[in-house]
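Working notes for the structure below.
The figures that follow rest on heavy atoms only: side chains count, while hydrogens, waters and symmetry mates do not. Since we're looking at a predicted model, the values are computed, not measured. All ligand and atom numbering here is 1-based and tracks the order in the structure.
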Amino acid sequence: MRPRTIRLAAGADLEGFRAAIRHLVAAGVPPEAVTWVAGDAASLFPEAEAAAPGSALALPRAVAALIPPVVMHRDRERYGLLHRLVWRVAGGERHLAEVASDPLVHRLALMRKAVARDLHKMHAFLRFRRAGAGEAGRERFAAWFEPEHHILAEAAPFFSARFPAFDWSILTPDGSAHWDGRTLTFGPPGRRDDVPDRDAFEAGWTDYYASTFNPARTNLAAMRAEMPKKYWHALPETAAIPGLVREAGRRVGEMIARPPEPPVKRVPARALARMAAQEPASLDALNAIIRASEPLVPGATQAVLGEGPIGAEIAFVGEQPGDQEDLQGRPFVGPAGQLLSRALRDAGIDRDRAYLTNAVKHFTFALRGKRRIHQTPGAGGVAHHRWWLERELAFVAPRLVVALGATAVLALSGRSVPITRARGPATFGDKPYRGFVTVHPSYLLRLPDAAREETYAGFVADLRQAAMLAAEAVPLARAAG
Ligand code: URA
């Protein structure tokens, strides 16, 4: 078979790869006969030939799903590796992508994971800076970011959905993305110097971060893991970190000596929206925003934040705080929470080492006389809190997330699915953790006594299975600080 060179555009050329692979498989060209050249290395291979169109190629869903993220990986061998995968699948190994122990599949899965992690980092750590006026007097912002992989085109729609109201540009060493309020366009690479170093709002952010920093929870290793040092230069609030850490010991002493403080003051809605729009850079900063925000339905005493260590192996997501949780300000302390604690114990899970949180952070209820009757949060409320939940889980970085009941499934997956169908191991989209679905403990409380014991045993069995899955899940490698 004569050797060939297939030349694709620089970066992630998904269309080019698809066209080429169809052609190669239809023509029976094996991987060892092909050299793949991405645009940036084209000069090394002057004999490169353009990809020619081929006939349709039906691939199993798992293979088709692997191709786009791997194409975004910076590894120069990415197209060749995918060619080997497709070649073997077309040769009859239809379920190859599900064989996790196969060295090729394993390598591709790691590449996919690395790209997913890079996307998360870009969403979480990119910061816009004010860069003058844009079209028709709109405000204009710019950001500099250095992704590890070719993810700009994939990452950019997240920012146009989140920041539709101002014009912005994201500059990277590989290319740029631009939003004018209507259209997202892509252009040539930018330079770091093209983005202003500081803007007036940064001082506000740094002060805000300093005011939400909890010296009693200072853990440098965890801070670095949450927010790798590589990204610090882009984050205005990091300027405050060294001083805050130096001061932490003294401030903890003062906190212990000081009498209790009154509840947090609510932050004005506009200031809050701007803070949220800047993406909190730590769990503490995120929690400060949640704590200061108004409930969607008035009446709740306070926001109930997640509880448990960062890096917990398992995170449990419930529906929303109940009456007791609302009063005490802690998740799962009322009747359903006590039942959950018992089931966790019976399943051999240490509650204190797990992370517990809710899809919705405020108690939603209807008043009947003096009683506050729980109301299931609507899809709008769940969607409103979803962004927070996603950030929260990204900071905690568990290996496995357990959805307790249908509201949690909706919050984690964006889909409304009956628990009877979803129960067991699950995936919640392209997340860096595994998923698991089981019933909500309050469901057990509503059952007649006769049915409760059996259902409880099933619930404990679910929790045991979840613990086993979490123990075997590959730990989420945190980026080095
Ligand atoms: N139910 C939940 O879903 N969460 C709690 O925190 C308490 C009860």
Side-chain angles (χ1 to χ4, degrees), residues 283 286-287 290-291 293 295-297 299-309 312 314-347 349-366 371-386 388-390 392-393 396 398 400-414 416-419 422-423 426 428 435-447 452 455-456 459-460 462-463 466:
L283 188 56
L286 177 75
N287 279 341
I290 299 175
R291 198 184 290 119
S293 62
L296 280 185
V297 180
T301 313
Q302 57 193 313
V304 176
L305 306 175
E307 189 174 275
I314 309 187
F316 292 90
V317 179
E319 182 192 78
Q320 64 167 338
D323 181 77
Q324 282 305 309
E325 287 78 13
D326 173 68
L327 296 173
Q328 295 185 39
R330 293 184 54 209
F332 289 103
V333 290
Q338 285 163 23
L339 185 62
L340 176 64
S341 293
R342 186 182 133 202
L344 289 174
R345 241 189 342 268
D346 289 352
I349 298 172
D350 183 348
R351 176 176 163 145
D352 290 339
R353 295 178 63 184
Y355 187 84
L356 274 71
T357 191
N358 284 299
V360 169
K361 304 294 192 262
H362 292 109
F363 180 33
T364 319
F365 61 90
R371 288 185 59 214
R372 308 195 300 171
I373 309 295
H374 160 276
Q375 304 278 291
T376 303
V382 174
H384 175 80
H385 286 256
R386 199 163 173 220
W388 288 344
L389 180 64
E390 281 186 4
E392 184 184 10
L393 291 175
V396 175
L400 180 99
V401 174
V402 179
L404 299 168
T407 302
V409 174
L410 174 63
L412 289 163
S413 68
S416 214
V417 190
I419 293 301
R423 196 165 179 173
F428 303 127
F436 195 92
V437 174
T438 185
V439 294
H440 192 283
S442 63
Y443 164 70
L444 304 178
L445 293 175
R446 291 194 299 269
L447 288 175
R452 195 177 294 164
T455 315
Y456 177 79
F459 182 48
V460 172
D462 277 359
L463 297 179

| note | heavy-atom search around atom 4 (N) of ligand 1 in the protein gives Asn358 OD1, 2.6 Å

| said: If you count every heavy atom of other residues, nucleotides or ligands that lies below 6.0 Å from Tyr456 atom OH, does the total exceed 12? | reply: yes

| field | Atom CZ of Arg330 with >12 non-hydrogen neighbours under 6.0 angstrom | value | no

| query | Does Pro321 reach ligand 1 with a nitrogen or oxygen that is under 3.5 Å from one of the ligand's nitrogen or oxygen atoms? | reply | no

| For Gly318, atoms of ligand 1 separated by under 4.0 Å from a heavy atom | 3 (O)

| query | Under 4.0 Å from any heavy atom of His440, which atoms of ligand 1 are there? | reply | 1 (N), 2 (C), 3 (O)

| field | Part of Glu319 within contact of ligand 1 (heavy atoms, under 4.0 Å) | value | both

| task | Let me see the working for Leu344 and Phe316 under side chain to side chain contact (heavy atoms under 4.5 Å, CB included), right down to the final yes or no. | result | CA-CA 11 Å; Leu344 289 174; Phe316 292 90; 3.5 Å; yes

| field | Reported CD-to-CD distance for the pair Gln302 and Glu325, which is rounded to 0.5 angstrom | value | 11.0 Å

| task | Would you mind listing which atoms of ligand 1 come within a distance below 4.0 Å of any non-hydrogen atom of Gln320? | result | 1 (N), 2 (C), 3 (O), 4 (N), 5 (C), 7 (C), 8 (C)

| said: Is a donor from one side chain sitting under 3.5 angstrom from an acceptor on the other, for Glu319 and His374? | reply: yes

